[in-house]
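Proteins come first, then strands; the chains are lettered A, B, ... in the order of their sequence lines, and each starts at number 1.
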Amino acid sequence: MASPDYTSLTNNELIARLQAMEREQAGFVQELRDVKAALDEHSIVAITDAAGKITYVNDKFCAISHYPREELLGQDHRIINSRHHSKEFFRDLWTTIGNGKVWHGEIKNRAKDGTFYWVETTIFPFLNAAGKPQQYVAIRTDITRRKADELELQRVATELAEKNKELEAILYTVSHDLRSPLVNVQGFGKQLARACEKITAATAAARDGAVPAAALQQPVEETIPQALRFINAGVAKMEMLLSGLLRYSRLGRVALTIGPIDMNALLAGVIAAMKFQLNEAKAEIRVGPLPGCLGDSAQTNQVFANLLDNALKYRDPSRPLRVTIEGRVEHGHAIFRVADNGIGIPREHQPKIFEIFHRLNPEATAGEGLGLTIAQRVLERQHGRIWVESEEGVGSNFQVSLPAS
Amino acid sequence: MKTEPVILIVEDDEGHAILIRENLIAAGLSNRMEHFRDGQAVLDFFFKSGAMPAHEAGQMYLVLLDIRMPKVDGIEVLRRIKSDPALRKLPVIMLTTTDDTREVDRCHQLGCSVYIQKPVDYEKFAEAIRRLGMFVTLMLVPPLNGD
């Protein structure tokens, strides 16, 4: 609309126009105020001059940065630099806004109290008539929580990938271990069939029903009993593997009740439950004062019962068994040491002992090769750990760590 | 000097060892065979002085090696044999239930001569061992150097 010719208007007309314009302006100002209030309610806002000196900050900026307004005004944004981003990152930012373009990005800042916060940032340059930036308005949103969630998500994804790999390894091991007895069941089953054929042939060849004993001796006394022995052992092995696998898989589903554990009482209970076997072996058990820890008492009980059972199983028959159980607290973890004077584990075999179904001496002792695998799994679920130091012929030293109570 | 290699069956499963031996004999092999129940036992045979039994200088050997065994597994035994200058030429045949391609690759990289999977089906198992037996009779096995 073309501007009216003010010279042709009367005074009253001019006054009416002026009043209308003032009303309109007041409306604009109110609208701007409302928008600014809404912006301040949602965003962290700062304005800087062309050189980057802070000329305005809103309350949210002060609150998140923990700086009072007077400490921010006149400073530049280096005051909240977290040193997380590279020089190139900020160079790119300044080149963009210096050229009059809008910059978007995520920035990690450091508050006055040393804590860090993440902001999603838009920097908008205000240009003068020559197209040069006069000042910059930065509008930010707190995304610290989202960043933390992203990190957590990453951590969980890595953990899942590890668990998956572990599961794959178990599946691989188990499928191999199940195949081995199957080879025997099939192979010796075939031998049974052959023995049957021999007996049938001898029976058919026998006149007047009298089968010569010599023809039966080998199948009946050797082939058949041997085949049955291997078939039965194979079936028993498969049954053991399957029930062990079920036991292992059930572990992951048991709900844990994490709480403070009095380890002195727990160990006393474990030892009392094994009193008969320990007395049989004339074992000497020494338990030092133990620090408390945080864990599931039933599952932790199982771990220590298992370690004591191993100490009994792998004791050196040439000397009486001595087990020492001690504890200490290091960096927020209670560490328990179960040391025995048993046969020990050669260094090269030590990495294998936590592997599922792995047994170092399958002939010498009974067991399914699950005890330490389960101990490790149980402890991992309680943010604990187990490891071994051992010397062949001297003894083994198992250490268990759990969060201190 | 003996002209046939001694076959070392390294196998933790006694049943498998019997089936392998019987099928090798059925294939017409008359070689001497020794059974080792785990990887450590066969490493002792080659590397430990004063071990019983121990290897003899000038004797030819052929190793049938299972992978998953207590104490020391077959991969480690293979690695030790192939990194020893005196034993490097020893033919090693992996004979195992494992058919994981990564495992097969690893054994070939370490220098195994042949990799055979033990079939669960007994007819196939017997056939694999029979063919292995025929193959062994054709192999030229270098004798071990003196220590």
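- The two residues B/P119 and A/V183 make their nearest non-hydrogen contact at O-CG2, 3.9 Å.
- Applying the side chain to side chain donor-acceptor pair (under 3.5 Å) rule to B/Q109 yields no partners; only residues at least two apart in sequence or on another chain are considered.
- Under the 4.5 Å side-chain criterion, counting only non-hydrogen atoms from C-beta, A/F188 is in contact with B/L19.
- For B/E11, no part lies near chain A; criterion is any non-hydrogen pair under 4.5 Å.
- Other residues, nucleotides and ligands place more than 12 heavy atoms under 6.0 Å from the CZ atom of A/R179.
- Within residues 344-353 of chain A, the residues having any heavy atom under 4.5 Å from a heavy atom of chain B are, by residue number, A/E348, A/H349, A/K352.
- Across every non-hydrogen atom of B/G15 and A/N184, the tightest pair is C-OD1, 3.3 Å.
- Chain A forms the most heavy-atom pairs under 4.5 Å with one residue out of B/E14, B/K118, B/R68, B/R37, and that residue is B/R68.
- When all heavy atoms are compared, the tightest approach of B/E103 to A/Y172 is OE2-OH, 2.8 Å.
- At a 4.5 Å heavy-atom cutoff, the contact between B/I18 and chain A is made by side-chain atoms alone.
- Enclosure of atom CZ in A/R322 is not indicated, since only 12 or fewer non-hydrogen atoms of other residues, nucleotides or ligands lie within 6.0 angstrom.
- Electrostatic pairing of A/E168 and B/R102 counts as a salt bridge here, judged by a charged N lying under 4.0 Å from a carboxylate O.
- Counted by atom type alone, A/Q186 and B/E123 present zero donor-acceptor pairs between their side chains at under 3.5 Å.
- Taking a 6.0 Å sphere around NZ of B/K82, one finds it holds more than 12 heavy atoms contributed by other residues, nucleotides or ligands.
- Two residues are said to be in side-chain contact when any heavy atoms from C-beta on lie closer than 4.5 Å; A/H358 and B/M69 fail this criterion.
- Looking at A/K190 and B/F125, their side chains never come closer than 4.5 Å, going by heavy atoms from C-beta outward.
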